[in-house]
2 protein chains.
Amino acid sequence: MAISFTEENYLKVIHRLSEATSEDISTNAVAELMQTKAASVTDMLRKLADKGWVNYQKYQGVRLSPAGEKIALSIVRKHRLWEVFLVDKMGFNWDEVHEIAEQLEHIESDELVQKLDAYLGFPKTDPHGDPIPNKEGILPELAYLHLSDIKAGKNCILMGVAQDSAVFLQLLTKLNLSLGAKLAIMEINEFDRSFFVSINDAEPIFISHEVAKNILVKILA
Amino acid sequence: MAISFTEENYLKVIHRLSEATSEDISTNAVAELMQTKAASVTDMLRKLADKGWVNYQKYQGVRLSPAGEKIALSIVRKHRLWEVFLVDKMGFNWDEVHEIAEQLEHIESDELVQKLDAYLGFPKTDPHGDPIPNKEGILPELAYLHLSDIKAGKNCILMGVAQDSAVFLQLLTKLNLSLGAKLAIMEINEFDRSFFVSINDAEPIFISHEVAKNILVKILA
DNA sequence: TTTATTTTTTAGGTTAATCTAAAAAATATT
DNA sequence: AATATTTTTTAGATTAACCTAAAAAATAAA
């Protein structure tokens, strides 16, 4: 069945919201992420339900059907593969690729996706550490921890970020925080839960709790 | 000023038609290439004229304004660069890339185009031998000849094709006719203007006038 | 458990891009 | 030059995606 860019974006947004909860997704939540009005969302949810891509009962919220989930994952897959392409091959910084990938994710060609995947060496994650769903739509669970949940004294590796906004990523870059960096948590300040962290064994620096919350790490054995 | 995919496609089509003639382009000609009805074209031409991208007077046909020409050339540039990418980097055949490039040509990012150009080694032509406009929109005039206009006894090199349809390109591939092939015209049959041509010094084969018309060559000194 | 608040839906409109059918203009033919 | 044909435009609808304002349902508070 034919699908429009707009419909793809709705499915993607519902998918994103569904990752954070097992509850049904509210009309308002979708409206906020789609930067549109609740009334428009209601129209679209009905349409998506007609096409069999979501389960929706009015006033009850929405969730993806298996068919909708499959479409959403294929868009996520394309988005993240193109981000790898933009950083690894085109030389963009990790904070510059989101908007372009938002466009590229709608390019329709299974063969291209397959070839791109191979060309990039079958990457497992995008430049922000987010896992790339495979062809069958299976998303490897990476189960990283938020830096904000780690105790003082631990060593860990920066594996990803919990948001892709350019301002956040630019801040990380300024702080010399990039994927794979080794973080040694020296101290956590009780007052504002800010962190003193040594990055790659350099002089410890200060990191706000807000930043720590958006950094994903794995703890070193 | 914001521009839609549809508007971009209209400008591209008007540009394509303008290359073949110095006359104004008729509503019907645009309708045919856009696969739409003349009435729809009339609406769109008025809109494009309002935006300053074409000069249009009703019943008088249309031509691109300098601003419209610039947009059209930037789309052609993107289309052809992406075709090079698809063939050179992704490993597609030259008959498989047109539809995908039709989508990729609308991706909006000057920086990406610039980086892609560099990544591909600043190619001068696409996989069909069509010249790639430069950043300033200047299209190098390649001035190749149609094989159908060459006399028997001449040797030439296949430099491009005059149409990109998959069936035509697949036929060329079957005949072992690819960019750069050396063609020796053995004989031209008066009856149907068909050609006997030796390709890369192999046994001469038969080529219809229709095929010869769509093959672009340069004559060897 | 009423009342107040928030959320969601309905009703009715708008815009971009298309369509069909009919009218108008341009071109071709007698 | 008058008539016929073709091309182009106008008029009026349609569809997708959005909007605002008002109504209805769900949830929270008194």
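Every chain is numbered from 1 and lettered A, B, ... according to where its sequence line falls, protein lines coming before strand lines.
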Less than 4.0 angstrom between a side-chain N/O of [X] and OP1 or OP2 of [N], yes or no?
| X | N | result |
| --- | --- | --- |
| A:Lys37 | D:dC18 | no |
| A:Thr36 | D:dC19 | yes |
| A:Tyr10 | D:dC18 | yes |

Pick out the pairs of N or O atoms, protein on one side and nucleotides 5-12 of chain D on the other, that lie under 3.5 Å.
from, atom 1, to, atom 2, distance (Å)
D:dT8, OP2, B:Asn28, N, 3.0
D:dT8, OP2, B:Asn28, OD1, 3.4
D:dT8, OP2, B:Asn28, ND2, 3.1
D:dT9, OP1, B:Tyr56, OH, 2.3
D:dT9, OP1, B:Tyr59, N, 2.8
D:dT9, OP2, B:Thr27, OG1, 2.9
D:dT9, OP2, B:Thr42, OG1, 2.8
D:dT9, OP2, B:Tyr56, OH, 3.3
D:dT9, O4', B:Tyr59, OH, 3.4
D:dT10, OP1, B:Lys58, NZ, 2.6
D:dT10, OP2, B:Arg46, NH1, 3.1
D:dT10, OP2, B:Arg46, NH2, 2.7

Atom pair distance, as rounded to whole Å: [atom1] in [X] and [atom2] in [N]:
| X | N | atom1 | atom2 | answer |
| --- | --- | --- | --- | --- |
| A:Leu48 | D:dA16 | CG | P | 12 Å |
| B:Ile3 | C:dA16 | CD1 | P | 14 Å |
| A:Asp24 | D:dT27 | CG | C1' | 16 Å |
| A:Asn9 | D:dA16 | CG | C1' | 14 Å |

Please set out all donor-acceptor pairs under 3.5 angstrom arising from side-chain atoms of residues 26-35 of chain A, sequence neighbours excluded.
from, atom 1, to, atom 2, distance (Å)
A:Ser26, OG, A:Ala29, N, 3.1

Q. Any chance CD of A:Glu19 has more than 12 other-residue heavy atoms, nucleotides or ligands included, within less than 6.0 Å?
A. yes
Q) Quick one: side-chain hydrogen bond (donor to acceptor under 3.5 Å, both in side chains) partners of B:Lys51, sequence neighbours excluded? A) B:Glu7
Q.
Just to verify, which of B:Lys12, B:Lys78, B:Arg80 counts as forming a side-chain hydrogen bond (donor to acceptor under 3.5 Å, both in side chains) with B:Glu105?
A. B:Lys12
(Q) Taking B:Arg77 first and then B:Asp117, would you say they form a salt bridge - that is, a charged N and a carboxylate O separated by under 4.0 Å? (A) yes
(Q) Check this for me: does any side-chain nitrogen of one of B:Glu69 and B:Arg63 sit under 4.0 Å from a carboxylate oxygen of the other? (A) no
